[in-house]
Amino acid sequence: MARHLYKTSTPSTRNGAVDSKVKSNPRNNLIYGQHRCGKGRNARGIITAGHRGGGHKRLYRKIDFRRNEKDIYGRIVTIEYDPNRNAYICLIHYGDGEKRYILHPRGAIIGETIVSGTEVPIKMGNALPLTDMPLGTAIHNIEIKLGKGGQLARAAGAVAKLIAKEGKSATLKLPSGEVRLISQNCSATVGQVGERRELNPRIKKAGYKRWIGKRPVVRGIVMNPADHPHGGGEGRSPIGRKKPTTPWGYPTLGRKSRKKNKYSDNFIIRRRSK
């Protein structure tokens, strides 16, 4: 994809670039407004998720994660920017007049055709059940429950691999390194999610963080004891604990937060590395 380089007129445009063929004008019938919880507060008005608030307004794009337009070919019309995810999206015009957004498969270009169904070719962007896929297929947008829509491997550059089939279940290796079982009746999309070159953009000024809704961060060690368990002491003092904690006293920085005896534990063959 062609890149347009900015001239350095200000510090915020230095080394800046955008994809020239990516658009930002979504269709009116495929977007809607969304309510944002200000500053990470709960129903009582207490901050439960810090360093959040502000940010630019966003319109939510309706993404077709189900891919339930069966056996109807669609054509990629545009590749568009989505502020709600780190991957691009594609506008698809189907043969029956339906128009939908899908995640942009890596390598897909404007004018290509895609289709979803049971007996469709193993081609990038096509969606089909795991039953009809050969072993070793690279996939994304994977369903966990039949008909609910894709929930796994949806981030930019994400890709999973179909490594085995046995009985009614298929074994997948997910981007995190986790190996787990999925029903073979669940569907997935062939290929990898399109990558964004600005995955780790340079923060060129303080306002950039505020645009994306991040407020200033203050270390707990410089607070008062009433504000954080790490606070207090004279001068540069240690946190006074064996392990770091959250502002509410729970362990952090390395503590596993997954629920014990979760319903899906039986489907996990190998845990992710981190």
Side-chain angles (χ1 to χ4, degrees), residues 62-76 85-90 92 94-96 98 100-109 112-196 256-274:
K62 301 176 186 177
I63 310 298
D64 181 17
F65 294 117
R66 287 188 172 89
R67 298 293 300 274
N68 52 8
E69 282 280 323
K70 303 296 184 181
D71 301 320
I72 300 176
Y73 280 83
R75 181 172 55 90
I76 299 176
R85 63 194 73 253
N86 59 5
Y88 290 135
I89 57 177
C90 296
I92 307 298
Y94 286 97
D96 60 351
E98 187 77 14
R100 295 187 182 182
Y101 280 125
I102 67 166
L103 296 177
H104 174 236
R106 184 179 183 183
I109 59 175
E112 289 189 353
T113 58
I114 61 168
V115 65
S116 60
T118 54
E119 298 180 358
V120 300
I122 308 299
K123 177 190 170 186
M124 175 192 60
N126 289 353
L128 60 157
L130 298 175
T131 310
D132 302 328
M133 293 186 182
L135 297 182
T137 306
I139 53 178
H140 68 274
N141 190 37
I142 307 160
E143 285 185 334
I144 299 178
K145 295 182 180 180
L146 181 63
K148 189 175 182 180
Q151 293 178 270
L152 301 176
R154 303 193 323 194
V159 61
K161 190 175 182 180
L162 177 61
I163 57 178
K165 295 180 184 179
E166 185 176 357
K168 296 182 179 180
S169 300
T171 305
L172 303 181
K173 184 175 182 181
L174 302 180
S176 63
E178 179 179 293
V179 178
R180 64 163 294 157
L181 298 174
I182 299 285
S183 172
Q184 290 195 39
N185 294 326
C186 292
S187 64
T189 305
V190 179
Q192 181 181 3
V193 184
E195 292 187 5
R196 284 267 298 279
K256 294 184 178 179
S257 58
R258 183 181 172 87
K259 294 180 181 179
K260 294 181 180 179
N261 301 322
K262 196 169 182 179
Y263 74 95
S264 60
D265 283 352
N266 295 330
F267 301 109
I268 298 176
I269 299 175
R270 189 174 69 214
R271 299 275 185 186
R272 61 180 186 173
S273 56
K274 294 182 180 180

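Keep in mind that this is a model prediction, so the values were computed, not measured.
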> Can you find a side-chain donor-acceptor pair between Ser264 and Arg258 that sits under 3.5 Å?
Replying inline: yes
> With distance as the sole test, does Asp64 use its side chain to make a donor-acceptor pair with the main-chain N or O of Tyr101 at under 3.5 Å?
Replying inline: no
> Does Thr131 reach the main-chain N or O of Gln184 with its side chain, forming a donor-acceptor pair under 3.5 Å?
Replying inline: yes
>> Between Lys148 and Glu143, does any side-chain N to carboxylate O distance fall below 4.0 Å?
In response: no
>> If I take atom CZ from residue Arg75 and atom OG1 from residue Thr113, how far apart are they, to the nearest 0.5 angstrom?
In response: 10.0 Å
> side-chain contact (heavy atoms from CB on, under 4.5 Å) between Arg67 and Ile102: does it pass, once the steps are laid out?
Replying inline: CA-CA 8 Å; Arg67 298 293 300 274; Ile102 67 166; 3.8 Å; yes
>> I'd like to know if the side chain of Asn141 and the backbone of Ala188 have a donor-acceptor N/O pair within less than 3.5 Å.
In response: no
>> I'd like to know if the side chain of His140 reaches the main chain of Gly191, judged simply by a donor and an acceptor atom lying under 3.5 Å from each other, with no hydrogens or angles considered.
In response: yes
>> Let me confirm one number: the CG-CG distance from Leu130 to Leu172, rounded to the nearest 0.5 Å.
In response: 6.0 Å
>> Do the side chains of Lys259 and Asp265 get close enough for a salt bridge, i.e. N-O under 4.0 angstrom?
In response: no
> So with a 6.0 Å cut-off around OH of Tyr94, is the heavy-atom count from everything else above 12?
Replying inline: yes
>> So, taking the atom named CD in Gln192 and the one named NE2 in His104, what distance separates them when rounded to the nearest 0.5 Å?
In response: 11.0 Å
>> Can you tell me how far apart CD1 (Ile114) and CD (Glu69) are? Round to the nearest 0.5 Å.
In response: 10.0 Å
>> Whether the Arg100 and Asn68 side chains hold a donor-acceptor pair (N or O, under 3.5 Å, no angle test) is what I'd like checked.
In response: yes
>> Please evaluate residues Arg106 and Glu195 with respect to the criterion salt bridge (Lys or Arg N to Asp or Glu O under 4.0 Å), reporting the C-alpha separation (whole Å), side-chain torsions for both, the decisive distance (0.1 Å), and the verdict.
In response: CA-CA 7 Å; Arg106 184 179 183 183; Glu195 292 187 5; 3.3 Å; yes
>> Tell me whether Lys165 contacts the main-chain N or O of Met133 through its side chain, where contact means a donor paired with an acceptor under 3.5 Å.
In response: yes
